[in-house]
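I have placed the structure first, in the form of structure tokens, so that the comments after it can refer back to it.
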Amino acid sequence: MATLVLEDGTTFRGRLFGADVSVSGEVVFQTGMVGYPEALTDPSYHCQLLTLTYPLVGNYGVPKDEGGEFGLSKWFESSKIHAAALIIGELSESPSHWSSVKSLDQWLKEQGVPGIQGIDTRSLTKKIREKGTMLGKLVVDGTPEDNIPFDNPDEKNLVQEVSMKVKHQMMKLKNVSVRITVVDCGIKYNQIRCLAQRGACVTVVPWDHPLDTAEFDGLFISNGPGDPQFCQATINNMRKVVCVEQPKPVFGICLGHQLLSLAIGAKIYKMKYGNRGHNQPCIHNGTDRCFITSQNHGFAVDPETLPRDWDILFTNANDHTNEGIVHSTKPLFSVQFHPEHMAGPTDLVSLFDVFLDTVKDHKGGKTTKSVRPRKVLILGSGGLSIGQAGEFDYSGSQAIKALREENIQTVLINPNIATVQTSKGLADKVYFLPITPDYVTQVIKNERPDGVLLTFGGQTALNCGVELTKLGVLEKYKVKVLGTPVASIEMTEDRKIFVEKMEEINEHVAPSEAALSVEQALAAAERLGYPVLVRSAFALGGLGSGFANNREELTSLVTSAFAHTSQVLVDKSLKGWKEIEYEVVRDAYDNCVTVCNMENIDPLGIHTGESIVVAPSQTLNDHEYNMLRSTAIKVIRHLGIVGECNIQYALNPESEQYYIIEVNARLSRSSALASKATGYPLAYVAAKLGLGIPLPLLKNSVTNSTTANFEPSLDYCVVKVPRWDLSKFLRVSTKIGSSMKSVGEVMAVGRSFEEAFQKALRMVDENCVGFDHTIKPVSEKELQTPTDKRIFVLASAFKAGYTVDQLYELTKIDRWFLHKMKNIADHERVLETYNQVSSMPPEVMRKAKQLGFSDKQIALALAVRKLRHDWSILPVVKQIDTVAAEWPAHTNYLYLTYHGIENDLSFGDPHVMVIGSGVYRIGSSVEFDWCAVGCITELRKMGYKTIMVNYNPETVSTDYDMCDRLYFDEISFEVVMDIYERENPEGVILSMGGQLPNNIAMSLHRQQCRILGTSPEFIDSAENRFKFSRMLDTIGISQPQWKERVLFLQSAVKFCETVGYPCLVRPSYVLSGAAMNVAYGDGDLEKYLSNAVAVSKEHPVVISKFIQEAKEIDVDAVACDGVVITFAVSEHVENAGVHSGDATLVTPPQDLNQKTIERIKLIVHAIGQELQVTGPFNLQLIAKDDQLKVIECNVRVSRSFPFVSKTLGVDLVALATQVIMGQEVEPVGLMRGKGIVGVKVPQFSFSRLAGADVVLGVEMTSTGEVACFGEDRYEAYLKAMLSTGFKIPKKNILLSIGSYKSELLPTVQALESLGYDLYASMGTADFYTEHGVKVTAVDWPFEEDDSECPTKEKQRSIMDYLEENHFDLVINLSMRNSGGRRLSSFVTKGYRTRRMAVDYSVPLIIDIKCTKLFVQVKCFPSCSVIYYCHYQFTVNSKPRANMSTNT
């Protein structure tokens, strides 16, 4: 152990590494995230104790000290380490990189330099920032502190100590054009290299060497350490050659800049703490362009003292200090930053050769100010689907905010009713319409906007915008595309053009060929060699992509890909390479920054949306990091992108070879992640840049003092893990690959990788305790071909004793990550040796918490929690501030970590805490985020300060400007309690975040947590199926016959035989019908019961009679102390048995009579009263044979809250928030509505889920929803269907309707009268032909043995028709009475038909009620454009509709 002692007496304890010696010097911090070998060997750090703010250091080891060009070291900046000591958060014990030969620890030992780790470097940085640079000493335990005096480097000539002693000429070069003398004041090798590479003959001389102009054509003054005033000899020598009538050119860098300034008579001063890092923004005087630079200095030039004929060349955009000077007529200039980089960005390396030309060019070609639009149309992304989820709600909302700040009118088209961006108070007008060229053209005609944003609505908006441009609509109505031009978008989307554009700038895309047919694709694969990767052009989330190892696999992949696209790409497979991503921002004036770089833990071959991703990258060295950064900027400039985009690379793990995979010229899932990971609001900035505002003029919204033209420094690690819900689908493949299947993602923040990684695994699934080896057994096959659960297979492989090398060969996951995972597995073994918590030493528990173990993982939670408090092992609160504590931040963007000694902020003000909804999953998606955001907004209006706890990077609720404090952390009892104890809020609101907060209600309640709204005891009465059913019986409300699961299967079977199958198995405390199933017999019952018990371990499972062919009704209500204030009723189109999240909803109800509505009202009031509800609740009822039965109640907001609020014009969440906070609210009648009908339709993502059966049942399978309005339900239903991507059939319809033939006869007759050609199987065709309807019979060749009658002439089979895209619509109704049936493993004809329809992108209807409704729509074509503007949300008075119709 060792102690860092500062001159003011502050001490930091840590673990010693490197050499076992005590040292003293000046303590400084540096914010770069890579480049420690370069920094340590930089002579400017001589006599300094160097603190690195990025906590994980040593990841890529130390390379061999080998010679490179011109006899200079290839990897290092001088011949030895110059820093006196290294101060870091965590040292990597097991580095991983192809160039590494030793660890950082070994290297420091060899060089005799000590290091200290385990330091809260953020706390130390803040101290230096506030008090200024301090002297310090690193004292090894056992050394008396007084033996090590404080050593002040400012009192001695450090330059003399580091400069060379004799003149030295670098190797003679042929064809040398110029001679340069370099004055070595502590030069970095790369300065010599930059001069020599450009053909100069370089002679290096000591710092005090006399200068003779006859010996050089140009003079270069290097960087160096310490106070420049000690270099009087150098200053005097320079005066003789500079202060003359015709001086030879002089260029100074860093200390050289200060020496030139002193030589001409200017003054310098010591800065408070200096600028040291790789992301300092410098504005060039004259062009106002901003460049990102590398810096390391503690002194600065005072520009006020420059002589008259000198000009400022560069100014720091953050602290406005001088960064460069130039003579107005003579060839003399110098800069404070390091244009030669190493480490850091290469933006201004051109200063070595063409700098003055660049300045001239830019003076000539400065862009003119663009004209601001007055009204802008924003295209949203429609319903949430796999590959296009809530991140576009976040980016669209940010864009609207940015435009409103500039007083620009906004018009939004988005049929996604559940999003925040379609709420009152954001856009000026919202059209709930399909995002198709036809409808968008109508809106443009109506609204006449003068600008449109296409890059904020995912692929849907992008494709629609490209189409509108091609049709000439934008040109016709003079609508300008803001931001990235359509031509640039097409360059990135059309793979062939993209490859050609990259070749123009000598960049390489993975070898690939574009193909327009199956034959072309096969020929391309032969040329490239198998295996190959197939991808579709103009597709999102890798739709229609996959790997093929041979001709057969390729043929089937390409055939289905052509159903979605007209062009496919066949790429050479680079499986096993690293996948790296950069987010890049560029303005119209060519200022360019990379905001975030990310590294996929999974190697290439797995779509980035399916990968575990870490930011910033962990295994790239400085050269790779900046090589890819420079390439990103070069590519973005060449493509002419304005705003934000991301670029993905494949990087060879064994060398510096890389390929560009793709560029997305729009905001994407990664941009949402990068925004949240860095605190840099990408979408907001991109919208401003689209208006032509220069990047340097925008402020960093986190610090409020620095510019947005900068690259964030992180002093934490971020891990993103995707969430899959594959268990909800029948027969779906669990393999993950190049096509996306995940439905959501989480982001965890920690000060070590292990801490963030284990947090993230728990966030994805609240039932998972972390890196858990009990979830999946070891399987080498699963390690090689990844599945959604591969990470847990890795955990059990470590448990089973696999080595890092074995696992690397199987998975190709970088060894660095595997070592980190092994650290967790190893510590778990240590924990297992203690049989009770109290026998565990505090250090073992502290280490467990730093490795991300939860209390539950360590032992039974409460025992650990109490001990933790006794031992003061508590998390600290840290800010995410974009600048690694270099600047004071006004951020409220927080996370908890066990790697720290102090909190970044104080706790005192009273707040109200709202718990968010966590990860997007099937059943809990953007609609709950809408509720949480609505609740926070209403609380702020009421004057309360708010705290939001959520960890989903795709949401608006995790936007730091939505609330007063945002905790980006777990929603678990442990973490919510930790935050609660710190903040001591006025209370916690659980009812706005869906199921997740409800699940921890009782645990929080037992700890005396102040829960606002309905009491947790009553929440439990509704969530616990047994208590709820018993309560309904007590108050005499009808429900289906039920029985609690008893310990023996026999009694369950007996109950089912008594009431008659089918019966429904229902677990408690679950969302979206997880493990809910309909049993049709004893076998089903046994299987489903065991599934349900697994999901609902601690809570009861209930069995009830499943009522078939009943109508289902949804009620959303708000009550105050049990008195219902308002309620809204929606009816399902489908029969009961389809989960309400998958059903088509209509409100106000069209088929319920007044008597039924009165009875619904009585039931709602009775249940609200019995559960003493305060706040929101939701009821589901079924109606059959004039009877109403209650099937469930949720005491929280439900999925349909945004739908009924926006359709009926009353914000139920705002009402509920007022009620929860104790405000008096008058009852509101909602039953009559506003004279319009809203229809909500589910958005499915079956095309992404290879093999999944398209059936609807009691467990939810849709990933999103859309809703539209109309004067009747037919108009609204048609618009809503079109919004999900449904296309109206033109000619041919295939019927496959099993036992519904006679019931559908009138419908089929209507279709014939509408002029459609109908096709069906033999039986169906015969039936309808007998009834006078012309139906063509087609063959169903799905039977295995088609060889029975070889002589019989085969009819054209359905497969032939589907492959040729012959059908425009398939109506396929599964067997009667299969509502919710999970079909066993046999593959039915119906399944094959449904699956083929999806795979060939043919619209499909699979419900009888929806079929009838659709045909009724076709009979009443009344499709006007109805829009809704200015929702008139009212609380006390009757809401007034404000609508306009334009046919």
Side-chain angles (χ1 to χ4, degrees), residues 1-2 4 14-25 27-30 32-68 72-119 121 138 140 161-162 186 188-190 225 276 278 296 341-344 617-626 656 753 804 814-816 819-820 823:
M1 298 293 285
L4 173 67
R15 299 189 298 286
L16 187 73
F17 66 99
D20 191 350
V21 290
S22 300
V23 293
S24 78
V27 183
V28 297
F29 66 83
Q30 196 251 65
M33 296 184 289
V34 284
Y36 54 86
E38 291 87 349
L40 287 168
T41 53
D42 179 350
S44 298
Y45 283 117
H46 187 54
C47 287
Q48 291 180 328
L49 281 66
L50 174 59
T51 307
L52 298 179
T53 59
Y54 186 66
L56 310 178
V57 181
N59 300 4
Y60 50 85
V62 176
K64 183 179 170 192
D65 190 4
E66 54 189 310
L72 299 168
S73 168
K74 182 175 175 184
W75 302 101
F76 304 121
E77 286 304 284
S78 66
S79 58
K80 64 171 196 176
I81 294 181
H82 282 278
L86 183 62
I87 303 165
I88 59 172
E90 179 188 305
L91 174 74
S92 183
E93 307 286 340
S94 315
S96 165
H97 195 267
W98 59 269
S99 68
S100 171
V101 292
K102 60 184 81 157
S103 69
L104 179 55
D105 180 30
Q106 286 169 294
W107 188 43
L108 289 177
K109 276 196 178 79
E110 287 169 15
Q111 299 258 340
V113 176
I116 184 170
Q117 65 165 322
I119 300 292
T121 50
L138 193 159
V140 178
E161 295 178 19
V162 297
K188 289 169 65 186
Y189 285 163
N190 207 41
R276 296 178 181 87
H278 304 163
N296 170 16
H341 57 92
M342 292 291 265
S617 61
Q618 301 294 325
T619 69
L620 301 194
N621 65 15
D622 173 67
H623 185 257
E624 291 162 334
Y625 180 97
N626 282 297
E656 291 175 351
F753 171 78
V804 165
D814 193 285
R815 290 182 179 86
W816 187 85
H819 277 294
K820 292 289 178 193
N823 289 346

Decide yes or no on side-chain contact (heavy atoms from CB on, under 4.5 Å) for L86 and V113, but give the supporting numbers first. CA-CA 8 Å; L86 183 62; V113 176; 5.7 Å; no

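- Judged by distance alone, with hydrogens and angles left aside, the side-chain atoms of K188 form a donor-acceptor pair with the main-chain N or O of H341 at under 3.5 Å.
- The nearest pair of heavy atoms linking M342 to N190 is CG-ND2, 3.1 Å.
- Every residue two or more places apart in sequence or in another chain that forms a side chain to side chain contact (heavy atoms under 4.5 Å, CB included) with H97 is listed here: Y60, S99, S100, N621, E624.
- Side-chain atoms of Y36 come within 3.5 Å of backbone N or O of G61 as a donor-acceptor pair.
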Go through Q30 and L50 one step at a time and tell me if the side-chain contact (heavy atoms from CB on, under 4.5 Å) criterion holds. CA-CA 7 Å; Q30 196 251 65; L50 174 59; 3.8 Å; yes

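- Residue pairs meeting the salt bridge (charged side-chain N to carboxylate O under 4.0 Å, His left out) criterion with at least one partner in residues 92-104, sequence neighbours excluded, are K102-E110.
- To the nearest 0.5 Å, the span separating CG on L104 from CG on N59 amounts to 10.0 Å.
- H819 is linked by a ring pair (Phe, Tyr, Trp, His ring centres under 6.0 Å) to nothing, counting only residues two or more places apart in sequence or in another chain.
- Distance CZ/F753 to CD/Q618: 7.5 Å, rounded to 0.5 Å.
- Taking both residues in full, the closest heavy atoms of G112 and A19 are given as C-CB, 3.3 Å, listed atom of the first, atom of the second, then distance.
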Verdict with supporting geometry, W107 and F76, ring-ring contact (aromatic ring centres under 6.0 Å, His included): CA-CA 12 Å; W107 188 43; F76 304 121; 5.1 Å; yes

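- Annotation for A2 and V140: closest pair CB-CA, 4.1 Å, computed over non-hydrogen atoms.
- Contact detail for H278 and G32: the closest heavy-atom pair is ND1-CA, 3.6 Å.
- Using modelled atom types, no side-chain atom of S73 and backbone atom of D65 make a donor-acceptor pair closer than 3.5 Å.
- Within the 4.5 Å cutoff, the side chain of V28 has heavy atoms near those of the Y45 side chain.
- The structure places OG of S22 at 7.0 Å from CG of L138, a figure rounded to the nearest 0.5 Å.
- Nearest heavy-atom pair, L49 versus S24, reported as atom, atom and distance to 0.1 Å: CD1-C, 3.6 Å.
- Between the side chain of N626 and the backbone N or O of G344 there is at least one donor-acceptor pair closer than 3.5 Å.
- The shortest side-chain heavy-atom distance between W75 and K64 does not fall under the 4.5 Å cut-off.
- Put simply, the side chain of D105 never gets that close to the backbone of F17: no donor and acceptor are under 3.5 Å apart.
- Note that CD of E90 and OG1 of T121 are 11.0 Å apart. Values are rounded to the nearest 0.5 Å.
- Residue R815 forms a side-chain contact (heavy atoms from CB on, under 4.5 Å) with just one option from S96, P95, S94, and that option is S96.
- Remark: the backbone N or O of F29 is not paired with any side-chain donor or acceptor of T51 at under 3.5 angstrom.
- We find the CG-CD1 distance between L4 and I116 to be 6.0 Å, quoted to the nearest 0.5 Å.
- Taken to the nearest 0.5 Å, the OG atom of S78 stands 11.5 Å off from the CG atom of L72.
- Using modelled atom types, one side-chain atom of Q111 and one backbone atom of I81 make a donor-acceptor pair closer than 3.5 Å.
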Verify side-chain contact (heavy atoms from CB on, under 4.5 Å) between Q48 and R276, making sure each step is shown before the conclusion. CA-CA 12 Å; Q48 291 180 328; R276 296 178 181 87; 3.5 Å; yes

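- Considering every non-hydrogen atom in both P225 and S44, the closest pair reads CB-O, 3.8 Å.
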